[in-house]
Amino acid sequence: MARPVMQHETIPGPTDIGARVAALNARYKHHAAFTVMEKALRDPDVGNVALVSSFGAESVVLLHMVSVIAPGTPVLFVDTLMLFQETLDYQRDVSAKLGLTDVRTITAEQAALDLEDPDGTLNLFNTDACCSLRKTVPLEKALSGFDAWITGRKRFQASTRAALDFFEVETPTRMKINPLAHWGREDLEEYMVENRLPRHPLVAKGYPSIGCAPCTSPVKPGEDPRAGRWRGQQKTECGIHFIGGKPVRVNKETAA
């Protein structure tokens, strides 16, 4: 049985996060995704770790890995209050099926919603502001107590991710972990089939990438898998990334 994740009060070894990230990448560069996940959850050079999951089309892969290695790992799920009902149902079903014991639903503060989007229409005229209000800011607050968080980003997704490492510096005090950095679409599909993992119900309805209901539409055959996100706009990412604890707008050419 996998032992539980240890919560470290101090991180031994190099205190500079850049040095720690470089050492971790050197230590695990030849390891497979599952092993990187396993080591990251237990390596004291990483510290306290959370998995951030949208419970979207491919999320079940990382969720399953965590459930096998350490099911008590904190899983942060951002509910923008504009998600598909299918996503909310899927989140509950997958969490129960995999035996995840610390799934934390994160939402924007009601006071902020009342001030910035009182009638729930902000997404109609400023999607960047809506994403910041409902997703990025609440997530940043939820991550404030962690030294690292696990993402599902992969090299094949964009040219800007072609050199993505397993570990990377996010802020002077926090790192990102990308266990699936070297995986392709076929690897994801194979893992889900071999482990008989439940698929998000909207995938079969033409949604290979799933976000909020008002800003996500089905994808036609031959289209890019993310074509249904913010359709008709130049926007391809949430639009605001936190760097050094401050919101910085990142365009699609440089988005990470």
Side-chain angles (χ1 to χ4, degrees), residues 48-57 59 63 73-96 100-153 170-174 176 200-202 205 207 209-218 226 228-252 254-256:
N48 299 334
V49 184
L51 167 63
V52 175
S53 180
S54 66
F55 284 82
S59 299
L63 291 165
T73 300
V75 177
L76 308 185
F77 168 60
V78 181
D79 182 359
T80 63
L81 306 179
M82 288 189 167
L83 299 177
F84 288 96
Q85 184 60 47
E86 288 89 340
T87 297
L88 299 175
D89 294 340
Y90 184 67
Q91 182 267 314
R92 287 190 291 269
D93 293 344
V94 168
S95 298
L100 300 169
T101 61
D102 191 6
V103 179
R104 307 177 187 183
T105 299
I106 311 301
T107 59
E109 295 180 358
Q110 189 59 50
L113 292 171
D114 291 342
L115 178 65
E116 300 182 45
D117 192 15
D119 58 359
T121 62
L122 182 59
N123 66 286
L124 298 178
F125 55 88
N126 193 333
T127 51
D128 281 351
C130 188
C131 287
S132 177
L133 169 67
R134 294 178 176 273
K135 183 175 181 180
T136 312
V137 170
L139 177 59
E140 176 64 17
K141 290 181 180 178
L143 284 170
S144 62
F146 294 96
D147 303 302
W149 56 289
I150 299 165
T151 87
R153 293 184 304 154
E170 182 191 22
T171 76
T173 59
R174 194 170 65 220
K176 289 181 181 178
H200 193 298
L202 290 179
K205 298 181 180 180
Y207 293 82
S209 180
I210 303 161
C212 294
C215 298
T216 308
S217 60
R226 288 181 64 84
R229 304 291 295 277
W230 306 287
R231 186 178 290 280
Q233 302 181 41
Q234 293 298 311
K235 182 180 175 69
T236 59
E237 301 277 353
C238 290
I240 295 179
H241 289 218
F242 274 79
I243 300 176
K246 297 180 180 180
V248 178
R249 190 169 302 283
V250 181
N251 63 37
K252 66 178 181 178
T254 59

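For clarity, every value in this text was computed on a predicted model and none was experimentally measured.
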What is the distance from atom OG of S54 to atom NZ of K135, rounded to the nearest 0.5 Å?
6.5 Å
Closest non-hydrogen atom pair, A57 against H200:
CA-CB, 4.3 Å
Taking the side chain as every heavy atom from C-beta outward, state whether C212 and N123 have any atom pair closer than 4.5 Å.
no
For the side chain of S132 and the backbone of D128, is there at least one donor-acceptor N/O pair under 3.5 Å apart?
no
Let me have the donor-acceptor pairs involving side chains of residues 78-86, under 3.5 Å, with sequence neighbours excluded, atom names and distances please.
from: D79; atom 1: OD1; to: L81; atom 2: N; distance (Å): 2.8
from: T80; atom 1: OG1; to: M82; atom 2: N; distance (Å): 3.2
from: Q85; atom 1: NE2; to: D89; atom 2: OD1; distance (Å): 2.9

Look only at the side chain of D147 and the backbone of N48, and say whether a donor-acceptor pair between them is shorter than 3.5 Å.
yes
Residues that D117 engages under side-chain hydrogen bond (donor to acceptor under 3.5 Å, both in side chains), provided they are two or more places apart:
R134
S59 to G56 - nearest heavy-atom pair and separation
OG-N, 2.8 Å
If you measure from CG on L76 to CZ on F146, what distance do you get to the nearest 0.5 Å?
5.5 Å
Once the angle between the rings of Y90 and F55 is folded into 0 to 90°, is it parallel (under 30°), tilted (30 to 60°) or perpendicular (over 60°)?
perpendicular
Supply the atom-to-atom distance C215 SG to L124 CG, rounded to the nearest 0.5 angstrom.
8.0 Å
Are R104 and F77 close enough that some pair of their side-chain heavy atoms sits under 4.5 Å apart?
no
Please list, one pair per line, the donor and acceptor atoms closer than 3.5 Å that link side chains of residues 105-116 to other protein atoms, with sequence neighbours excluded.
from: E109; atom 1: OE2; to: K141; atom 2: NZ; distance (Å): 3.3
from: Q110; atom 1: NE2; to: D114; atom 2: OD1; distance (Å): 2.8

So how far is it from N126 CG to C131 SG, rounded to the nearest 0.5 Å?
9.5 Å
Give a yes-or-no answer on whether the side chains of S95 and Q91 include a donor-acceptor pair shorter than 3.5 Å.
yes
Measuring from atom CD of E170 to atom CG of L143, what distance do you get when rounded to the nearest 0.5 angstrom?
7.0 Å
Give the minimum heavy-atom separation between L63 and S53, together with the two atoms involved.
CD1-OG, 3.6 Å
